[in-house]
Asker: 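One structure coming up, written as structure tokens, with questions to follow.
All chains are named by letter (A, B, ...) in the order of the sequence lines, taking the proteins before the strands, and each is independently numbered beginning at 1.
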Protein chains: 2
Amino acid sequence: MEDVAARAGVSRALVSIVFRGAVGASEGTRERVLAAAADLGYQPDRRASRLGRTRTRMLGVVFGVGHAFHGDLIDSLYAAAAVSDYEVVLSGVTPRRSEEEAVRALLAERCEGIVLVGSALPSPALSELAGRLPTVSVLRDVRVEGVDVVRTDDAEGLRQAVTHLHGLGHRRIVHADGGRAPGAAQRRRGYRSAVRRLGLPPMPLLPGGLTEEDGARAAAVLLGLPPGEGPTAVTAFNDRCALGFVDAVRRAGLKVPEQLSVVGFDDIRAASYAHIALTTVRQDADALGRLAIERAASRLDGGEPPGNPVVVAPALVVRATTGAPR
Amino acid sequence: MEDVAARAGVSRALVSIVFRGAVGASEGTRERVLAAAADLGYQPDRRASRLGRTRTRMLGVVFGVGHAFHGDLIDSLYAAAAVSDYEVVLSGVTPRRSEEEAVRALLAERCEGIVLVGSALPSPALSELAGRLPTVSVLRDVRVEGVDVVRTDDAEGLRQAVTHLHGLGHRRIVHADGGRAPGAAQRRRGYRSAVRRLGLPPMPLLPGGLTEEDGARAAAVLLGLPPGEGPTAVTAFNDRCALGFVDAVRRAGLKVPEQLSVVGFDDIRAASYAHIALTTVRQDADALGRLAIERAASRLDGGEPPGNPVVVAPALVVRATTGAPR
DNA sequence: CACTGTAACTGGAGCGCTCTAGTCGCGCGC
DNA sequence: GCGCGCGACTAGAGCGCTCCAGTTACAGTG
């Protein structure tokens, strides 16, 4: 920086002004500084810049690496943060790196706020975290003082799925459950309330989960049911579960959607592939990411208390795995 | 830090020593400092620590968020970096965030080395990058001065796949190509050399790609072939492609493996699910990650020039999508 | 018992920025 | 012609650490 200043014939402070895009530098000087920096291959050091600044303007994001839907969300978070002039710092959760560790790393960086994607942190930990800095939980609904929640209206999504199936003429609709996964409880609730409201026969849940394998397991349970007792349609916890489920029942000789209709949840990219064409409930990754950043930013800048949990509306996407029961 | 020092009745320098785990603090003092820090909820600021230090000991990692195999690799990178006492800094590539941008962010952080996972950067950019700091390309083979490459022996993987199929009695084996994806050229080459060596009839490539959709497209091409001209076995560019392919041909009524055998590449988690049970060529994510870190670390610390491209042996995993031709 | 070596600890100068409180010209209004 | 305001620019004190050069205390040595 010193060198750039010398080369441009100005003070270090001026170089700083130019690189921060702050006011107080004439157009000519600005150009000279930029030219000098280019000649010298100078690029400001963000570490130092953050140290000197009062605010770091960093938002930490904890996510599961390799999770398709988390990836979609990260894309949206990066974009939204750029708009609010925040910088996102990624901290991944992997089989060998726990969420606690991921959070700790972000705290040591002095992030100003933290976004947890599909967090599995226990409430006390969340509560402590929220006491230290603005915390927003995306996808997972938590009732913890100080933690902002941004999520899809999971219950509504399942209501839409069930209503769609009911509209096609299905009456025996079963839900492949997500267990303790984020959003699973709400989806369960949405399924039950829709079934009740539409006057459909209540049916036991199928044990599901969030992977294809869980879906296949649910399929095995369904296939083991006495004939005539099985459902004509299934709502799955998520797309991966639905995909595994469809694959397994087809393998067993059932035709989808002719003999069994299936609805997923998320609308991951694979769901839209022509050969899969899964009917599913779409989560709006873009809105979720944007709102998460806005939540954190408003706590940080605005000061006005963010309202209740932010709930994003899901949208049913009808493709080729649902149809009228035979 | 000042406060912690005061509370423990020592100097700031001593607190620093304790937190860095450096020598020069008695056991008693160490405990007192730690206790004081705990009372005050103090945690050292990494930004400042990195600034003060001569070395940042940060390794930047550029990866595609949401890519299943990249996720496996990140896990391994985190683990390996911890061993060498380096810190990994993630920078994701998403539809809206280019690889160039991801790299730029890491440079501004003053990473000491950079690991590119499945990079698509053009050679000149790689070359320039390698000129600035140790650069290692994982998965993608590049012939650029100064860039270390850590990859799977893709050609060998395909040789194993073809040999396995040949051993089962297949003669008409076709490859669903990966186009310009990292590793695709080598896999193509491995396929061709194996076919030649085993004296099998050369067959035109199937246009594939790296997603399920590409696999399904390859399946469509295969299904359009005149009967008798089609292959009895297919090697796919990767698992996702293989999965899409299997799904599509089954949908068309073909039985896998009875009428058509299929081999994937990568061994992503989904490949091992019981209901999928894809025969595939396993890439050793753990070894790849470890070697990538070692490469960078040896350039940084050792000074001894790292050797030729590091090639990790793949391993065929036989599951249920391959069998003898009928 | 002076002398050395060592372990434990401290002071203070950086690291590369930011940012406040200035200084310096200069055009403008009255 | 004097004061004033304003834009352009600078000096220098941080930010929270690290790390080097000491200093001190104390056991060991001849």
Asker: Could you work out which one of dG16(C), dC9(C), dT18(C) sits closest to the side chain of M1(A)?
Answerer: dT18(C)
Asker: Strictly below 4.0 Å, N to O, side chains only: are D3(A) and R12(A) in salt-bridge contact?
Answerer: no
Asker: I want to verify a distance call: between dA8(C), dT10(D), dC17(D), whose nearest atom is closest to the R110(A) side chain?
Answerer: dC17(D)
Asker: Which nucleotide in the set dT10(C), dC15(C), dC9(D) lies at the smallest distance from any side-chain heavy atom of S11(B)?
Answerer: dT10(C)
Asker: Among residues two or more places apart or on two chains, list those pairs meeting side chain to side chain donor-acceptor pair (under 3.5 Å) that have a residue in residues 116-137 of chain B.
Answerer: E99(B)-S119(B)
Asker: Where the side chain of L51(A) is defined as all heavy atoms beyond and including C-beta, which of dT10(C), dC15(D), dC17(D) is the nearest nucleotide?
Answerer: dC15(D)
Asker: Can you pull out every ring pair (Phe, Tyr, Trp, His ring centres under 6.0 Å) where at least one residue sits in residues 18-49 of chain A? Sequence neighbours excluded, please.
Answerer: F19(A)-Y42(A)
Asker: Please work out if A13(A) contacts a base, only the sugar-phosphate, or nothing of the nucleic acid, heavy-atom cut-off 4.0 Å.
Answerer: base
Asker: Could you tell me how far apart E27(B) (CD) and dC9(C) (C1') are, to the nearest whole angstrom?
Answerer: 16 Å
Asker: So which nucleotide from dT10(C), dT10(D), dC19(C) ends up closest to the side chain of R53(A)?
Answerer: dC19(C)
Asker: Mind calculating the distance between CZ (R30(A)) and P (dA8(D)) to the nearest angstrom?
Answerer: 9 Å
Asker: What nucleotide among dC17(D), dT18(C), dA8(D) has an atom nearest to a side-chain atom of T29(A)?
Answerer: dA8(D)
Asker: Using the closest heavy atom to pick a nucleotide of DNA chain C for each, name whichever of R46(A) or A25(B) lands nearer the 5' end.
Answerer: A25(B)
Asker: Using a 4.0 Å heavy-atom cut-off across all strands, classify R47(B) as base, sugar-phosphate, or nothing.
Answerer: nothing
Asker: Considering every strand and a 4.0 Å limit on heavy-atom distances, what is the contact class for R12(B): base, sugar-phosphate, or nothing?
Answerer: base
Asker: Will you find, in the side chains of Q283(B) and D267(B), an N or O donor that is under 3.5 Å from an N or O acceptor?
Answerer: no
Asker: Nearest to the D45(A) side chain among dC19(C), dG11(C), dC17(C), which nucleotide is it?
Answerer: dC17(C)
Asker: Between R32(A) (CZ) and dA8(D) (P), how many Å, whole number?
Answerer: 13 Å
Asker: Take L116(B) and L126(B), measure what side-chain contact (heavy atoms from CB on, under 4.5 Å) needs, and give me the verdict at the end.
Answerer: CA-CA 10 Å; L116(B) 304 169; L126(B) 283 172; 3.4 Å; yes
Asker: Taking OP1 and OP2 of dT18(C), is either one under 4.0 Å from a side-chain nitrogen or oxygen of R20(A)?
Answerer: yes
Asker: Do any side-chain nitrogens or oxygens of S16(B) fall under 4.0 Å of OP1 or OP2 in dT18(D)?
Answerer: yes
Asker: Just how far, in rounded Å, is C1' of dC15(D) from CZ of R50(B)?
Answerer: 15 Å
Asker: dG7(D), OP1 or OP2 - any side-chain N/O from S26(A) closer than 4.0 Å?
Answerer: no
Asker: 5'-most contact on DNA chain C: L14(B) or E2(A), nearest heavy atom basis?
Answerer: L14(B)
Asker: Under the criterion side chain to side chain donor-acceptor pair (under 3.5 Å), which of E101(B), R97(B), R96(B) is the partner of Y78(A)?
Answerer: R97(B)
Asker: Using whole Å, report how far CD1 of I17(A) lies from P of dC19(C).
Answerer: 10 Å
Asker: dC17(C) P sits how many Å from E109(B) CD, rounded?
Answerer: 13 Å
Asker: Does the side chain of S49(A) get closer than 4.0 angstrom to OP1 or OP2 of dC17(C) through an N or O atom?
Answerer: no
Asker: Could you check whether V23(A) gets within reach of a base, just the sugar-phosphate, or nothing at all, counting any heavy atom under 4.0 Å?
Answerer: nothing
Asker: What contact category does A22(A) fall into here, base, sugar-phosphate, or nothing, at under 4.0 angstrom with non-hydrogen atoms?
Answerer: nothing
